[in-house]
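Keep in mind that this is a model prediction, so the values were computed, not measured. Chain identifiers are assigned alphabetically (A, B, ...) following the order of the sequence lines, protein sequences preceding nucleic acid strands; residue numbering begins at 1 within each chain.
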Amino acid sequence: MDRYEPLKIEAKWQEKWEAEQPYRATEKPGVPKMMLAEMFPYPSGAGLHVGHVRNFTIVDVLTRFYEQQRMNVMRPFGYDTFGLPAENYAIKTGVSPKVATATNIANFRKQAKRLGFAIDWSREINTSDPEYYKWTQWCFLQLYKKGLAYQKESYQWWCPEDQTVLANEQVENGKCWRCGREVEKKKMKQWFFRITEYADELLDEIDALDWPEKIKTMQKNWIGRSVGAEIDFETTDGAPKITVFTTRPDTILGATFLVLAPEYPGLDYIVSDDCRDAVAKYKADALKKSEIERQENKEKTGVFTGAYAVNPATKEKIPIWVADYVLAGYGTGAIMAVPAMDERDREFAEKFDLPIVETELVDRDLYGTPKVTYKMRDWLISRQRYWGCPIPIAYDKDGNPHPIPEDQLPVMIPEVDDYRPDNSGRSALAKAKDWLKVEIPVTDPKTGKTHMEEMTRETDTLDGYACSSWYLWRYASPHDTEYAWNPEAIKYWEPVDVYVGADHAVAHLLYIRFWCKFFADEGFLPFREPIKKLIYHGYINAPDGKKMSKSKGNVIDPLDVINDGYGADTLRTYEMFIGPVELDAAWDPRSVGGVYRFLNRCYNLMTDKGKESAAACPSDTLRAAQAKSSRSAEHRATDSLPSSENCAIRHKTIKKVTTDIHKCNFNTAVAALMEYVNELYKVGATAEDLVVLAKLLKPFAPHLASEMLERLEADDEWPKWDEKYLVDENVEIVVQVNGKLRAKLNIAADDATNEDKVKELAFADERIQKYTAGGVKKAIFVPRAKLLNLVV
RNA sequence: GCCCGAGUGGCGGAAUUGGUAUACGCGUUCGACUUAAAAUCGAAUGGGAAACCAUAUGGGUUCAAGUCCCAUCUCGGGCACCA
């Protein structure tokens, strides 16, 4: 007996796809292109999890959907391979990150192939491949040339566990995003990218993006533009003037004291001698305080500097204080306190008994110069770690940085025996003594002559986010040896039409926009936004609603689901059916069975009905006659004529599935297919029904659908619906009395828009007459809703 | 604390511009097939005997409210001393 055996069917088709590589993408001028990608995965040793499957399947459904509509589709794949997990694994086991990464990629690739994704496997990239990171270093050098990559000594977040600095975006609630350890502040000289240069453009262009509002809001908050003014306050005893930033320069009459951040750069020059010890102690305490302590305890603390400034508006002498409620990195690190207007200043004034003066407002521009500030800081990119892209810089004997010439790229990661950071703030790269030395050409400014000079390499590596800030462009020409991205290829394929992910709302998605704008300014990219549409999907949780985690032992392994006999098609279709794409969902093993039953029904429908002759939709003249026979259609009776009912439900389903996929309502698209199959079981399926079913099913369950189409001898071109088949000859009209449903009238379609006719039939109905005996005050007829409401 | 978003059967979730609430799936029950079970197929399934009552709670607008307005409660997310 011919049964649905998913593992057999899937093996057959995967073998075919592997041999034929049907999803190779090539530029076809004149054919509309569609480029889709997921946020590429970090290939962990644990292999694919169900979250990856959701992520990849969303991309796959859209890829196949557009491919079946004969657009020129590109769907590449890649791996984000630098980072701490591989390095920590190396420290623990001694296995080099390069080797472990290669093993993990091989496993990921194998697993992805078992899910039947329509990937162009010739466009596979890996950020730790020297062929790739050579160009990451090239990107760094472009930024360096324009002064957008620079070094600065400042207080930075330091993770004592991972022995590295972190970007602001990588500190979550005062803890390291990787290991969860509380971060500390450490003063270090570090590399930065000047993302703040693009703050305005990054902010202003958010609104036009076809991205989820949630992400757009998060990015806006992160950039955090405030419009205000800088105002200079002269000090009374010869110390340098203090510039404050305020959004309310109009409240200056109420400024009764100044407050400086503990890290305020010129603090030492301001403090009076008798207060020096107290201020030094306060500063030391403030730096020791962790971010968590600072957040949890918002009780105001502070100390008087012993110095005074002059309020330029009132000419009054006002005291200067130091307090950690003023942040060093924002504005100028100094504020004018207006306790009458500002809640925090008031709290501080009350605690330390400082004057609170009610204020009248003055003209905003009277005492200051307009100034815009941002919460966003420059992007700190140095990492004191081994397993990352080496920063292509060397230092001369005076410690001045020099870029590594482009023809010396890539700066390879040296092999070392011990991957541990050395506790001195330098990465394990510092242990590769030979590698550290490098000859760099230097041009003498006086003579114009170039000579080689021995220098010492930078031992920091780049933040992994730098590697993922340009990978979408590499997909356009993944093996190009001349360009990071080929100008012709990029012009054809990009920007990315649809990008799918579940993380990195501010970090990655902000960085990639920044690089895009920079490289557009440099003439390397013909667009300023890298991603047209973003789909940000929810997580899949364990059946109990909790996050899946190895330690809790509640992880569902997708390969187990497949190997249990359900197959990849069931897994994929289930994950699309599980709920709205943007919401988190809980795994339900029983619902997986429900989806399997559905696919099984599709298969059985085919084996029962596949032999039948194809039948197009009946012509209008035949419809009336066939409508009769469809009424009496036996269950899957093979001798009944193809009915107009089939035609109506077929076209209705085509329309529903097509529009749902366009709107990314994958769950209701699958539901519509289930309804269609249920209906076909009742009225009988024609070959045409089966072909349409297989075509619509293919994005979700490509193996089964391919099998069906092969047996039905049909291609997979996406079907179109015709509105004329969606109009029934009979229409149901709802009759309400006082808004309550009282009767449904089956009326010929031609009469359904005729108000008089509908009323006549309604009043003739005995179910209605019960309520209308006392007369009808008002009758509202809504043809659009096929509804008549009688008010009695 | 501030700013968003969401509360619908036993469960996951459907419902165009306000217009038949509960699509689809799970679960449950019954039936067919079978020595039996599984699988498959069919039927029923918000509550209530009924009138009726039900979309977190209480009001409001409307011929008509899950959908709009006001208040309250709960949950989720984001921001969190950003001057």
Side-chain angles (χ1 to χ4, degrees), chain A residues 3-4 173 212-215 217-222 224-226 228 244-249 251 255 259 261 294-295 297-300 323-338 341-345 347-348 373-377 505-506 538 543 545 574 577-580 582-598 600-601 604 635-636 656 659 665 667-678 681-682 732-744 776-792:
Chain A
R3 298 192 301 123
Y4 175 43
N173 297 320
E213 282 308 315
K214 184 176 122 180
I215 310 300
T217 308
M218 281 167 76
Q219 292 212 350
K220 282 184 200 169
N221 290 341
W222 185 263
R225 176 159 66 193
S226 0
V244 304
F245 173 75
T246 178
T247 52
R248 295 297 305 275
T251 64
V259 188
R294 242 172 122 146
Q295 277 172 11
N297 185 8
K298 290 187 181 169
E299 176 82 21
K300 294 281 176 294
D324 66 1
Y325 82 93
V326 175
L327 305 177
Y330 185 74
T332 59
I335 63 153
M336 63 174 203
V338 185
M341 297 296 285
D342 185 282
E343 212 181 305
R344 294 152 304 182
D345 296 344
E347 204 185 309
F348 192 81
T373 30
Y374 305 88
K375 277 200 228 179
M376 183 171 67
R377 314 291 152 83
V506 284
Y574 169 66
F577 184 60
I578 196 167
E582 70 279 6
L583 296 186
D584 290 353
W587 187 269
D588 179 1
R590 290 184 300 204
S591 289
V592 178
V595 171
Y596 177 81
R597 276 191 281 281
F598 159 64
N600 195 20
R601 279 161 74 81
N604 290 339
H635 162 58
R636 289 193 279 164
K656 174 76 176 153
T659 53
N665 294 337
N667 55 331
T668 51
V670 174
L673 288 170
M674 289 171 166
E675 271 186 85
Y676 184 34
V677 168
N678 290 345
Y681 264 68
K682 281 186 201 133
E732 202 169 62
I733 296 281
V734 168
V735 184
Q736 298 179 329
V737 178
N738 289 342
K740 282 189 182 131
L741 173 68
R742 295 301 181 196
K744 289 178 183 177
V776 174
K777 288 188 199 133
K778 202 169 170 184
I780 290 116
F781 179 61
V782 189
R784 173 182 49 80
K786 296 180 201 143
L787 177 142
L788 175 70
N789 189 17
L790 303 172
V791 185
V792 298

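As rounded to the nearest Å, B/U16 and B/C68 have P atoms that lie 11 Å from one another. B/A14 and B/U8 have their C1' atoms separated by 10 Å, with the value rounded to a whole Å. Separating the C1' atom of B/U67 from that of B/G60 is a span of 15 Å, rounded to the nearest Å. Rounded to whole Å, the P atom of B/C33 lies 12 Å from the corresponding atom of B/A37. Going from the C1' atom of B/G9 to that of B/A15 covers 15 Å, rounded to whole Å. Between the P atoms of B/C52 and B/A6, the separation comes to 34 Å (whole Å). A distance of about 28 Å separates the C1' atoms of B/A49 and B/C11, rounded to the whole Å. Distance check on atom P: B/A21 versus B/U35 gives 47 Å, rounded to whole Å.
Side-chain nitrogen and oxygen atoms of A/N665 include none within less than 4.0 Å of the OP1 or OP2 phosphate oxygen of B/A14. A/T217 has no side-chain polar atom (N or O) that falls below the 4.0 Å cut-off from OP1 or OP2 of B/C79. Taking 4.0 angstrom as the limit, A/K778 places a side-chain polar atom (N or O) nearer than this to OP1 or OP2 of B/C63. Distances shorter than 4.0 Å separate none of the side-chain N or O atoms of A/K375 from OP1 or OP2 on B/C81. Side-chain nitrogen and oxygen atoms of A/R597 include none within less than 4.0 Å of the OP1 or OP2 phosphate oxygen of B/C24. An OP1 or OP2 oxygen of B/C41 is reached within less than 4.0 angstrom by a side-chain nitrogen or oxygen of A/R601. A close approach under 4.0 Å does occur between a side-chain nitrogen or oxygen of A/Y330 and OP1 or OP2 of B/A83.
Contact detail for A/K656 and A/A672: the closest heavy-atom pair is CG-CB, 3.5 Å.
In this structure, B/G9 is classed as syn because its glycosidic torsion stays within 90° of zero.
Of the listed nucleotides (B/C81, B/C24, B/G19), B/C24 has the atom at the smallest distance from the side chain of A/A671.
Residue pairs satisfying the side-chain hydrogen bond (donor to acceptor under 3.5 Å, both in side chains) criterion with at least one member in residues 583-594 of chain A, sequence neighbours excluded, are listed as follows: A/D588-A/S591.
Between A/D345 atom CG and A/I335 atom CD1 the span is 4.5 Å, to the nearest 0.5 Å. The OG1 atom of A/T668 sits 12.0 Å away from the CE atom of A/M674 when rounded to the nearest 0.5 Å.
Residue whose closest nucleotide on RNA chain B sits further toward the 5' end, between A/I780 and A/R742: A/R742. Closest-nucleotide positions on RNA chain B for A/V791 and A/N667 were compared, and the one nearer the 5' end corresponds to A/N667.
Within the 4.0 angstrom heavy-atom criterion, base atoms lie near A/Q736.
Contact annotation: the side chain of A/W222 never approaches that of A/K375 to less than 4.5 Å [non-hydrogen atoms, C-beta and beyond].
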